[in-house]
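Structure first, commentary second.
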Amino acid sequence: MISRLSLAERDLAVLLAGGGSSQTFGVLGAAQLSRNLVMLRGILDLAQDRAPEDAVRAGLQESYQVLSDLDGARPGSLHGLIGYPYVGEWAFTCLQRLWRANDATDVPLWLDLAHLGAIAAAAAILLDVQAEVVVPVRDGLVAVPSIGSLAVGKVARSGLVRLRRSDTGYVQLEGSTQMSPVVCLAPGDAGWLPLRRLTVVEHGKTIDLLLDDADPYRDRHGAGATGRLSEREAADLEADVGSAWRLLVARHGEQASAIAAGLRVLTPLRERPDGAAVSATSRAAAGAIAVSPMRQPERLACALLHESEHSKLNGVLGLVDLVQASRGRRFYSPWRNEPRPAVGLLYGVYAWLAVASFWRDEARAAPQDFLLAFESARSEGQLRVGSARLAATGLLTGAGKAVVAAAGSVVRSSQASASRVPADVSRVRQLAEDLVLDHQVRWRLRNLRVPGWVLTSLSARWHAGRNASPAPRYAVVVHEAPALSGISDPRLHHAMQILERASAMPNRPPSGIEADPDLALILGDYDAAARGYEQLIVNAGDDGVQAWAGLVVARAAGGLARAEPRPELLKALYVALSSDPCDEAPSPARLAAWLDGEGAE
């Protein structure tokens, strides 16, 4: 029976401020179970209506009946399985495919639908009863949700097999033809590949996560899930989680309790070639997070916290509307390189309620640590900018506005903590603000385009020696821009490398530093940075995003820019004026000053 669930007003207020209790997480878990049950029935009905041949081939009705009978025989005993995060991910995937008019995936629909048989098989194993269902095989494995996988390469590498589970625990797998071999597995046989647990206890607080490196729906976010970890790799991951957990319990007890209550599953991700940390969640799989290897405890602790907040918000959004549909509108997000819908911006702001608080408290514990001071200031700046942009969308509901209010409280607390810091740390915080602006500038350069009529009007004013102001207003977001999430940030990487090694910030940047404008910007020599970036643009013909963004940030941070930066206009107008073979290319700095209202040359 599916009941209607809701959050008490007080519990909702706590959740929207970034908190939570075991009771509220219980409601979120029950809501996920309810959604999954609705989706299961929806898959059966839609498949029989829209893809009846695929449904028959997948044994969908048979598997649904087995699962329904087992659940009916022992009411409530399968709630953990049906509410399992990747069961929700599978159900969402199937519904998407059944609703689409054109499905471009290479995976046959019947193979996805047959995963219901694997869920039914998991139910039989959990209840220790016999059952017979059709299950899918992928790469020689039958994945059994929340339990593990069965190696059936002798039967099939891919396709469908019939699974029979006896009441004594033996599993028999048989291929689809009479010539197919039959594999019988007893519990504990080498062909069984059970999921493992990551369990750490620290001062009476326990984190207990299922290490799921087998479920075929664990990588729908596309972050790059690993295959099955070796025993050594699993032990290393548990050790890393243990180090992160001890840090969380020691200095972030309330957040640690929320993580323990809200997370069920951890999926390992492949390490990126550049060593950058990666973490991810999926809205359809609340309670599951994915992380790449992170050897520094504070990085993994922050990732667990970050993604657990996303997972929590996944549950909240299933019960309460926080933001209206964007209807094609896209906005700036301090955490992404591409334009995002309002709900995507909401996810970033909500997670950063916890992330900014985490880095603030870490910086308080080590006031002379430049890197922690930088992370605290940077996360504070991202939250400040992101929450302001979210509020400006005009799409927040009354409940959603509570998230913005909570963001303001966190920002004020972080600013109060930094009100009396040494000069070196003050410089580090300014660097963080510079790089928060740098991200905004680079985003505009990549995603905004200036209409031709604006360039024509300003070019005429420039040639006539007239003022640029008042410049025409415009806002053109490129909706069809390519995916930009993987773009690196070399300036940020350079800054963090310096901060990791620094015992003190240089009082005076070295001479000739304009030859390395990134270093000049990082060290606070904005004049030298501006000259260096201008040389890159003019002498080296560098028309890329990095040099133009650096010039704009150096001018703004050095007090040379009086107006809100519109870097896309500066770059586009420079290119337009430079393309005239009869005219000498203008100085980027002089053109920037002209756009700021200082008059024509």
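No experiment lies behind these values; they were computed from the predicted model shown. We use all heavy atoms of the structure for the numbers below, so side chains are in, but hydrogens, waters and symmetry mates are not.
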Discussion item. Closer than 3.5 angstrom, by distance alone: can the side chain of Asp208 be matched with the main-chain N or O of Thr199 as a donor-acceptor pair?
Written reply: no
Discussion item. Less than 4.5 Å apart, side chain to side chain, heavy atoms only: is that true for Arg270 and Ser292?
Written reply: no
Practice prompt. Give a yes or no answer on whether the side chain of Ser326 reaches the backbone of Gly328 with a donor-acceptor pair at less than 3.5 Å.
Written response: no
Worksheet item: Taking the side chain as C-beta and beyond, is there a heavy-atom pair between His252 and Glu362 under 4.5 Å?
Response: yes
Item to complete: Decide yes or no for Glu298 and Trp359: does some side-chain heavy atom of the first lie under 4.5 Å from some side-chain heavy atom of the second?
Response: yes
Worksheet item: Nearest 0.5 Å, what's the CZ-CZ distance between Arg340 and Phe331?
Response: 12.0 Å
Discussion item. Can a donor-acceptor pair be found, under 3.5 Å and without considering hydrogens, that links the side chain of Asp321 to the backbone of Val323?
Written reply: no
Worksheet item: If we only count heavy atoms from C-beta on, is the Glu307 to Lys312 side-chain gap below 4.5 Å?
Response: no
Practice prompt. Would you give the length of the straight line joining atom OH of Tyr350 to atom CG of Leu313, rounded to the nearest 0.5 angstrom?
Written response: 6.5 Å
Worksheet, complete the sentence: OH (Tyr533) and CG (Leu551) are apart, to the nearest 0.5 Å, by 9.0 Å
Fill in: Reference residue Pro268; test side chain to side chain contact (heavy atoms under 4.5 Å, CB included); the match among Asp212, Thr226, Val291
Thr226
Practice prompt. Find the distance between CG (Leu237) and CG (Leu300) and round it off to the nearest 0.5 Å.
Written response: 7.5 Å
Discussion item. I need the Ser308 OG to Leu266 CG distance, nearest 0.5 Å.
Written reply: 11.5 Å
Item to complete: Report the residues that fulfil ring pair (Phe, Tyr, Trp, His ring centres under 6.0 Å) with Trp352, sequence neighbours left out, ordered by chain and then residue number.
Response: His306, Trp335
Worksheet item: Is there a salt bridge (Lys or Arg N to Asp or Glu O under 4.0 Å) between Arg295 and Glu271 once you walk through the steps?
Response: CA-CA 11 Å; Arg295 304 304 178 210; Glu271 189 167 12; 5.2 Å; no
Worksheet item: Hey, are Arg218 and Asp213 close enough for a salt bridge, meaning a charged N less than 4.0 Å from a carboxylate O?
Response: no
Worksheet item: Near Glu254 CD, under 6.0 Å, is it more than 12 heavy atoms from other residues, nucleotides or ligands?
Response: no
Fill in: Under 3.5 Å donor-acceptor, Asp434 side chain and Gly524 backbone
no
Worksheet item: Are any of the side-chain heavy atoms of Asp596 and Arg555 separated by less than 4.5 Å?
Response: yes
Worksheet item: Would Arg251 and Asp361 count as a salt bridge (Lys or Arg N to Asp or Glu O under 4.0 Å) if you check the C-alpha gap in whole Å, the side-chain angles of each, and the deciding distance to 0.1 Å?
Response: CA-CA 8 Å; Arg251 289 205 285 268; Asp361 293 345; over 6 Å; no
Worksheet item: With distance as the sole test, does Ser413 use its side chain to make a donor-acceptor pair with the main-chain N or O of Val410 at under 3.5 Å?
Response: no
Fill in: Trace of the side-chain hydrogen bond (donor to acceptor under 3.5 Å, both in side chains) decision for Thr393 with Arg329
CA-CA 9 Å; Thr393 66; Arg329 295 170 63 194; over 6 Å; no
Worksheet entry | Thr397: side chain to side chain donor-acceptor pair (under 3.5 Å) partners, not counting sequence neighbours | none
Discussion item. Does atom CZ (Arg444) have a neighbourhood of more than 12 heavy atoms from anything else shown, all under 6.0 Å?
Written reply: yes
Practice prompt. Indicate the ring-plane relationship of Trp90 and Tyr217, choosing parallel, tilted or perpendicular according to the 30° and 60° boundaries.
Written response: perpendicular
Discussion item. Donor-acceptor pair, distance only, cut-off 3.5 Å: does the side chain of Ser243 make one with the backbone of Ala239?
Written reply: yes
Item to complete: Using modelled atom types only, decide if a donor and an acceptor are shared between the side chain of Glu568 and the backbone of Asn447 within a distance under 3.5 Å.
Response: no
Worksheet item: Is the shortest side-chain N to carboxylate O distance from Arg442 to Asp489 below 4.0 Å?
Response: yes
Worksheet item: How long is the span from the NZ atom in Lys401 to the CG atom in Leu390, to the nearest 0.5 Å?
Response: 11.0 Å
Discussion item. With side-chain hydrogen bond (donor to acceptor under 3.5 Å, both in side chains) as the criterion, how do Thr267 and Tyr86 come out once you've worked through the C-alpha distance, each side chain's angles and the decisive distance to 0.1 Å?
Written reply: CA-CA 11 Å; Thr267 287; Tyr86 295 138; 2.7 Å; yes
Worksheet item: Any sub-3.5 Å donor-acceptor pair from Asp219's side-chain atoms to Ala225's backbone N or O?
Response: yes
Worksheet item: Passes salt bridge (Lys or Arg N to Asp or Glu O under 4.0 Å), Glu202 versus Lys205? Steps please.
Response: CA-CA 5 Å; Glu202 180 69 14; Lys205 290 191 175 183; over 6 Å; no
Worksheet item: Would you say the side-chain atoms of Arg449 pair up with the backbone N or O of Arg446, donor to acceptor, closer than 3.5 Å?
Response: yes
Fill in: Whether over 12 other heavy atoms sit under 6.0 Å from Tyr526 OH
yes
Worksheet item: Does atom CD of Gln415 have more than 12 heavy-atom neighbours from other groups under 6.0 Å away?
Response: yes
Item to complete: Go through Tyr84 and His79 one step at a time and tell me if the ring pair (Phe, Tyr, Trp, His ring centres under 6.0 Å) criterion holds.
Response: CA-CA 8 Å; Tyr84 189 64; His79 285 181; over 10 Å; no
Worksheet item: For Arg429 and Glu380, what are the C-alpha separation, side-chain angles and deciding distance, and is it a salt bridge (Lys or Arg N to Asp or Glu O under 4.0 Å)?
Response: CA-CA 10 Å; Arg429 290 185 59 83; Glu380 170 199 317; 2.7 Å; yes
Worksheet item: If only atom types and distance count, is the side chain of Ser34 paired as donor or acceptor with the main-chain N or O of Ala30 below 3.5 Å?
Response: no
